[in-house]
Number of protein chains: 2
Amino acid sequence: MDAYKIIRKKILLGDFSQGQRLTEEYLCEQLSISRTPIREAIRRLESDGLIMSLKRGVAVRSFTKEDVRQIYDLRALLEGYAASQAAHNRSEKDINKLQATNHAFAEQLAVYDEENKETLESVVNENRAFHEALIASSKNAHVQMLISKVTVLPLVYGQFHWNSVVGMERSKAAHDTLISAIMKKDGERARSAMLEHIYQGRDAVLTHLTKDGKIIEGAEPI
Amino acid sequence: MDAYKIIRKKILLGDFSQGQRLTEEYLCEQLSISRTPIREAIRRLESDGLIMSLKRGVAVRSFTKEDVRQIYDLRALLEGYAASQAAHNRSEKDINKLQATNHAFAEQLAVYDEENKETLESVVNENRAFHEALIASSKNAHVQMLISKVTVLPLVYGQFHWNSVVGMERSKAAHDTLISAIMKKDGERARSAMLEHIYQGRDAVLTHLTKDGKIIEGAEPI
DNA sequence: TGTTGCGCTATTGTATACAAAGATGTTATT
DNA sequence: AATAACATCTTTGTATACAATAGCGCAACA
């Protein structure tokens with residue numbers, strides 16, 4: 001795994017906390033690697049929007065509640081578009097893939113155990129696999145790239161969404177609806193199902209953020 | 001100007017042609033600079049989608065006609081969204097700015113002279129300024145970032161759009177419509193005006209590409 | 001006490017040397 | 001003549017040294 005992926009993972013998992021300054025030397029120590037590849041990784045992470053540049057050096061980006069709202073809304077816009085395009089451009093193979101990944105999602109759901117963190121991770125991974133398969137079905141590399149730019153919210157937030165079996169079951173049902181619409185080449189229905197699906201996630205996260213008192217005011221970092 | 005900006009400009013202006021391989025050493029010579037900053041610039045350009053990585057090294061990205069279509073469609077989606085958000089979030093200051101930039105656009109249009117390339121450049125610049133002001137009015141930094149990712153089509157293509165005074169006048173009118181809708185906080189109208197405006201540009205470019213025999217088939221690079 | 005200037009330190013920016021890994025070309029063997 | 005093996009060359013990957021600069025603390029002065 002290269003420096004970029006390692007640092008990215010550490011940010012997403014919260015190993016580096018929001019606002020934390022990342023000096024090149026510090027990263028060199030952490031990864032036992034020299035500054036050259038670190039610097040390249042930093043440029044990429046900057047372009048991803050995962051880190052912000054200070055007057056001197058960079059820090060892990062912090063997000064406000066308003067950021068979270070805007071990012072989810074853009075995900076809805078883009079994934080909704082991807083879903084409608086998928087309905088038009090999907091092949092039989094794509095359908096199979098979508099059904100297979102959603103089946104795997106359901107299976108992980110069945111063995112999910114609140115006490116076992118790994119089972120949650122599996123659920124989240126299978127969900128991601130489904131979304132990736134759907135986006136790939138759109139046959140649009142550019143929308144895929146854009147969506148990757150708005151999936152930068154540290155996983156921690158995303159997982160607020162996955163805090164209830166009820167929510168997970170609803171996601172499974174939403175995936176079923178999406179597959180059905182895509183099979184029927186009903187682009188508008190696919191889009192609306194995706195919008196609803198993502199707004200569900202957004203609202204769960206925003207509710208959680210407000211409730212936990214972690215942040216609250218729009219302008220404050222979380 | 002740093003290495004990133006210089007290389008980016010050279011790609012957009014066509015100084016480096018599509019598909020051309022860019023070795024680090026070659027870029028070092030061109031910019032009279034060492035490999036370290038060159039490598040960082042390459043990583044950023046890669047993330048921008050302006051260059052593609054080969055088995056070994058990178059090359060200037062080439063776009064197919066289908067790429068052009070997809071990119072314009074995504075611009076329409078995102079700028080349409082930005083326009084509707086601008087209608088809701090704009091301040092009085094934003095309105096003034098929009099009117100000022102569109103006024104400047106009209107002025108450049110008035111002195112435009114087919115024989116003088118610089119006047120065309122001025123028109124294009126003022127148009128960009130208007131779009132930037134509009135996006136800024138949306139008060140959404142994330143949509144701004146995403147739009148910057150889909151403005152990677154070498155300027156050469158974009159300028160196909162600016163090949164007739166008629167098209168330019170239509171753009172001016174579209175900007176007026178946009179300002180009017182944004183002033184009235186009519187988000188849906190702003191979105192639809194923006195969609196139409198961008199599809200006009202897309203169609204002009206696609207028609208040109210087909211006519212010039214530069215490419216034609218969807219899968220071939222332009 | 002506040003503030004201005006200076007010098008030191010921490011950190012980033014750039015160049016370059018060396019290592020590693022492909023690509024290419026050449027020769028020997030069939 | 002075709003191909004496999006090897007050597008060579010090109011190009012990228014990594015480490016490190018040195019240069020430049022921003023930030024900070026300290027001291028001198030008002």
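FYI, side chains are in, hydrogens and waters are out, and symmetry mates aren't considered; it's all heavy atoms of this structure. Numbered from 1 within each chain, the chains take letters A, B, ... in sequence-line order.
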Query raised in the report: Atom CD1 of A/I42 and atom C1' of C/dT11: how far apart are they, to the nearest Å?
Result: 11 Å
Query raised in the report: Distance only, no hydrogens: is a donor on one side chain within 3.5 Å (strictly under) of an acceptor on the other, for B/K93 and B/S137?
Result: no
Requested in this report: Using ring pair (Phe, Tyr, Trp, His ring centres under 6.0 Å) as the criterion, list what pairs up with A/H142, not counting sequence neighbours.
Outcome: none
Requested in this report: Any chance you could list the contact pattern along nucleotides 12-20 of chain C? Use B for base contacts, S for sugar-phosphate-only contacts and - for none, protein heavy atoms under 4.0 Å, 5' to 3'.
Outcome: BBBBBB---
Query raised in the report: Do the side-chain N and O atoms of A/S91 and A/K97 include a donor-acceptor pair separated by under 3.5 angstrom?
Result: no
Query - Modelled atom types, side-chain donor and acceptor of B/H197 and B/H131, under 3.5 Å - result: yes
**Report entry** Polar side chain donor-acceptor pair, A/D67 to A/T64, under 3.5 angstrom
**Finding:** yes
